[in-house]
Amino acid sequence: LVGAETWIEGGLTGRGQRVAILDTSFAGYRDALGSTLPRAVTARSFRADGAIEGSSDHGRRAAEIVSSLAARYGRFCCARVSPRSGSENP
């Protein structure tokens with residue numbers, strides 16, 4: 001779908017690299033651990049309220065796509081951020 005096979009076959013696997021997904025919401029990520037996401041994911045919120053999941057699954061879905069391509073090669077991190085400084089979304 002994204003052409004990653006060509007890169008991997010060419011030896012560019014990303015082995016040993018860290019992958020980070022920054023998004024405004026990761027709803028459902030805990031349920032995905034060990035299935036569509038690696039068992040070990042560092043999840044961190046950079047929001048004032050410390051919430052990581054939120055109401056949208058966009059970040060989790062992006063993480064699942066990256067995980068399907070790169071999780072076996074490196075460490076994986078998800079971080080929730082606010083859409084702009086000073087604003088908080090649920």
Side-chain angles (χ1 to χ4, degrees):
L1 178 65
V2 296
E5 298 82 11
T6 303
W7 291 86
I8 293 169
E9 290 168 6
L12 300 172
T13 64
R15 186 174 306 280
Q17 299 302 305
R18 294 180 184 186
V19 177
I21 306 296
L22 303 177
D23 205 290
T24 58
S25 187
F26 288 89
Y29 93 94
R30 286 182 178 94
D31 293 334
L33 295 175
S35 59
T36 56
L37 289 175
R39 288 186 194 282
V41 170
T42 301
R44 181 170 178 194
S45 175
F46 290 94
R47 293 168 41 99
D49 65 6
I52 188 78
E53 291 205 41
S55 59
S56 169
D57 64 358
H58 183 271
R60 177 184 51 85
R61 290 183 181 270
E64 288 170 338
I65 291 168
V66 172
S67 175
S68 72
L69 300 171
R72 66 180 177 259
Y73 299 114
R75 295 185 208 161
F76 202 75
C77 171
C78 294
R80 184 171 183 209
V81 295
S82 293
R84 60 186 172 279
S85 180
S87 74
E88 299 296 322
N89 65 340

Gap between atom [atom2] of [Y] and atom [atom1] of [X] - 0.5 Å precision:
X	Y	atom1	atom2	value
L33	R60	CG	CZ	10.5 Å
H58	I21	NE2	CD1	10.0 Å
D57	D31	CG	CG	11.5 Å

Are the side chain of [X] and the backbone N or O of [Y] linked by a donor-acceptor pair below 3.5 Å?
X	Y	result
E64	L37	no
S25	S55	yes
R80	T24	yes

If every non-hydrogen atom of F26 is compared with every non-hydrogen atom of L22, which pair is closest and at what distance?
CZ-C, 4.5 Å
Can you give me the closest heavy-atom contact between D49 and A51, atom names plus distance?
OD1-N, 3.0 Å
